[in-house]
2 protein chains.
Amino acid sequence: MEQFTNKTADIICQALSQRIRRGEFAAQGRLPGERQLSEQFATTRITLREALGQLEAQGLIYRELRRGWFIAPPRLVYNPLHRSHFHAMAQRQGRAANTEVIDAHVAAVSHELADKLAMSEGEEVFRIRRLRRIDGRAVLYVEHYLNPRYFPGLLELDLTQSLTDLYLTRYGIRYGRVRFTMLPGPVPPLAAPLLKVAAGSPALFITRINRDQHDRIIDCDCEYWRYDALCVDVEAQGVLGG
Amino acid sequence: MEQFTNKTADIICQALSQRIRRGEFAAQGRLPGERQLSEQFATTRITLREALGQLEAQGLIYRELRRGWFIAPPRLVYNPLHRSHFHAMAQRQGRAANTEVIDAHVAAVSHELADKLAMSEGEEVFRIRRLRRIDGRAVLYVEHYLNPRYFPGLLELDLTQSLTDLYLTRYGIRYGRVRFTMLPGPVPPLAAPLLKVAAGSPALFITRINRDQHDRIIDCDCEYWRYDALCVDVEAQGVLGG
DNA sequence: AAGTGGTCTAGACCACCGG
DNA sequence: CGGTGGTCTAGACCACTTA
C-alpha cells in the first residue's frame with residue numbers, strides 16, 4: 001500500500017488523505033482554503049492544487065466552482081437496468097433525493113438522437129431537462145427525449161416526479177428492454193454551472209435507450225453524472241459470446 | 001457548440017482539437033513537444049499543459065509517462081455481460097489484441113475478495129495478473145481470482161489464451177450469471193508503469209463476479225482500464241424497480 | 001469589501017527515454 | 001548525452017462568492 005515517492009504533491013496527498021480519513025474536516029465538511037493549506041505544507045498553491053487534484057481523482061474530495069474543496073460523500077450505487085425511481089433508490093441507501101426541472105419543451109430531434117429513438121431527423125420530440133440532487137448536492141444532469149406519439153399531453157404534467165410512474169399510471173406503459181452505454185466524457189456547457197463544476201470537467205456520460213413491454217423504443221436518456229458520485233452495479237444473466 | 005470563453009487554455013484546446021480532427025498529427029500519431037507547442041501558442045508550458053489535460057479528459061489525446069502526447073485511437077466497445085473472448089471482441093471491431101501474463105500464483109485471499117468469491121479470508125486462490133493491449137497499446141490491467149476447487153492444475157496451462165475457453169474445454173464450466181460494478185478510481189501502483197500512466201492517475205475500475213451454469217461463484221475479475229480506452233455498452237432485459 | 005478559487009507568468013531543476 | 005516530460009517556485013491579477 002505504501003507509495004514509493006518523494007514528490008511534494010504525493011506527500012501532501014498522503015498527509016491530507018490520512019487527516020480526511022480520521023475525520024478531521026468532517027465537522028465543517030470542507031477543507032481549509034488553498035492558501036492556508038499551502039502554507040501548512042510549506043509549498044506553492046500550484047503544487048498544493050496538484051495534490052488536491054489527485055485526491056479529487058481518487059474521489060476523496062470534490063470541488064464546487066469557486067467555492068472550495070469538500071469531503072466527498074459515499075457514491076450512490078446505481079443499476080441502469082433497474083427501472084426504479086431515483087428517489088426510491090436514494091432512500092434505500094439512506095440518502096435524500098431531489099429533482100428540479102430545468103425545462104420541458106418540444107424540440108426537433110438531431111440526427112444522432114433520431115437514430116437512437118428510431119425516428120427521423122427533424123421530427124418532434126419531448127425534451128425534458130432535469131437536475132437531480134443527493135443530500136442537497138447536484139450530482140446528475142439528465143436530458144430525457146421522449147417519442148411524443150406515446151405520451152400525448154405529458155409536458156403539461158408535474159415532471160418533478162418519477163417519469164416511470166407517469167408512464168405507467170397515465171399511459172399504461174412499462175419498461176422492457178434497456179440498452180445503455182457508459183463512458184467518461186466532458187460535462188456539457190449547459191450542465192457545468194448546474195453541477196457547479198468547471199466547463200469541460202470530466203463526467204460519467206450514460207445514455208439509455210428504453211423500450212416498453214411491446215419492445216417499442218419509447219425514450220432515450222442522456223445522463224451526466226458527477227465523476228465521483230456514482231458506482232454502477234449491474235447483475236444479469238451473462239450473454240454468450242459470439 | 002461554441003464555448004463562451006476567453007481562457008488561454010480553452011483557446012488552445014479548441015485550436016488543437018480542430019487540428020487533431022483535421023488529421024494534422026495523424027501521420028506521426030503524436031503531438032509536437034510541449035515546449036514547441038507552448039511557443040506556438042505564445043504561452044507558458046504550465047498553461048499549455050492545462051490545455052493538454054483538458055483534451056486528455058475529453059479522450060482526444062493521451063499521454064505515456066515521460067514519452068509524450070499521442071492521438072487517442074477510438075474506444076473499444078465492451079459489454080461486461082458478454083462473455084466473449086477479448087481477442088474476438090477486438091477483432092470484430094477491427095483491432096488487434098494481445099495478452100501478456102504478468103504472473104500466475106497461488107495467493108491467500110483478502111477479506112474483501114473472500115466476500116466476493118463466497119470464500120473465507122486466508123483461503124487459497126489462484127491469482128492471474130495479465131496486461132492486455134489493443135493495437136499495441138496497453139489499455140487493460142486485470143487481476144483474475146479463481147476459486148481453485150473448480151480449476152485443478154490450471155496454473156500449469158498456457159494463460160495467454162482465453163480463460164473462457166480453458167474453463168469450457170478443460171473443466172466443462174461455462175459462464176452463467178454475472179455481476180459487475182464499475183467506478184472511476186486511481187490506477188494501482190503495480191499497474192501504473194504497465195499502462196504507462198502516472199501512479200494515481202484516474203482509471204475505470206470494473207470488478208466482475210462470475211458464476212457458472214450451476215450458479216456457483218467461480219471467479220472474480222478486477223479490471224483497470226485506461227480512462228480513454230473504453231466504452232461500456234450493455235443491452236439486457238430491464239429489471240423491475242423495488 | 002474581503003477573501004476565495006481560477007488562471008497565468010517566467011523562469012528552474014530533475015528523472016527518464018531515446019539515439 | 002541531449003531532449004523530453006514531470007515537478008516546482010514565487011509571485012500576480014481576475015472573477016466570483018460570501019458576509
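Numbers restart at 1 for each chain; the letters A, B, ... are given by sequence-line order, proteins then strands.
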Original post:
Can you check the B/L31 CG to D/dG5 P distance for me, whole Å?
Top reply: 9 Å
**OP:** Write out all pairs satisfying salt bridge (Lys or Arg N to Asp or Glu O under 4.0 Å) with one or both partners inside residues 97-108 of chain A, taking only residues at least two apart or from two chains.
**Re:** A/E100-A/R133, A/D103-A/R129
Indicate every side-chain donor-acceptor pair of residues 192-205 of chain A with a distance under 3.5 Å to a residue at least two apart or in another chain.
from	atom 1	to	atom 2	distance (Å)
A/S201	OG	A/A198	N	3.3
A/S201	OG	A/A198	O	2.4

Original post:
Side chains of A/T99 and A/H87: donor-acceptor distance under 3.5 Å anywhere?
Top reply: yes
Subject >> Rounded interatomic separation in angstrom, taking CZ from B/R63 and C1' from D/dG6 >> reply: 9 Å
Subject >> Minimum heavy-atom distance B/Q93-B/V77, with the two atoms named >> reply: NE2-O, 2.7 Å
Subject >> Donor + acceptor pair across side chains of B/T181, B/T207 (<3.5 Å) >> reply: yes
Subject >> Heavy-atom neighbours of B/Q28 CD exceed 12 at 6.0 Å >> reply: yes
Original post:
Is A/A9 touching bases, backbone alone, or none of the nucleic acid, heavy atoms closer than 4.0 Å?
Top reply: sugar-phosphate
Original post:
Does atom CD of A/Q91 have more than 12 heavy-atom neighbours from other groups under 6.0 Å away?
Top reply: no
Original post:
Counting side-chain heavy atoms from CB outward, which of C/dG5, C/dT7, D/dG6 is closest to B/E34?
Top reply: D/dG6
**OP:** Evaluate the criterion side chain to side chain contact (heavy atoms under 4.5 Å, CB included) for residue pair A/F180 and A/L81; output intermediate values, then yes/no.
**Re:** CA-CA 8 Å; A/F180 72 90; A/L81 296 181; 3.9 Å; yes
Original post:
In residues 48-56 of chain A, what residues come within less than 4.0 Å of DNA chain C, judged by heavy atoms?
Top reply: A/R49
Original post:
Is the number of heavy atoms from other residues, nucleotides or ligands under 6.0 Å of B/R179 CZ greater than 12?
Top reply: no
Original post:
In whole Å, what is the span from the CZ atom of A/F41 to the P atom of D/dC8?
Top reply: 13 Å
Original post:
For the pair made of CD in B/Q36 and P in D/dT4, what is the distance, rounded to whole Å?
Top reply: 8 Å
Original post:
Tell me: CH2 of A/W69 to C1' of C/dG3, nearest whole Å?
Top reply: 18 Å
**OP:** Please round to the nearest 0.5 Å and tell me the distance separating atom SG of A/C222 and atom NZ of A/K116.
**Re:** 5.5 Å
Review item, nucleotides 16-19 of chain C N/O atoms under 3.5 Å of protein N/O:
from	atom 1	to	atom 2	distance (Å)
C/dG18	OP1	B/R67	NH1	2.8

Less than 3.5 Å apart, which donor and acceptor atoms pair up between the side chains of residues 50-60 of chain A and the rest of the protein, not counting sequence neighbours?
from	atom 1	to	atom 2	distance (Å)
A/Q54	NE2	A/D10	OD1	3.3
A/E56	OE1	A/R63	NH2	3.0
A/E56	OE2	A/R63	NE	3.2

Subject >> Spacing between B/K196 atom NZ and D/dG5 atom C1', to the nearest angstrom >> reply: 15 Å
Close N or O pairs between protein and nucleotides 9-13 of chain D (under 3.5 Å):
from	atom 1	to	atom 2	distance (Å)
D/dT9	OP2	A/T43	OG1	2.7
D/dT9	OP2	A/T44	N	3.3
D/dT9	OP2	A/T44	OG1	2.7
D/dT9	OP2	A/T47	OG1	3.0
D/dT9	O5'	A/T44	OG1	3.3

Original post:
Can you check the A/I12 CD1 to D/dT7 P distance for me, whole Å?
Top reply: 13 Å
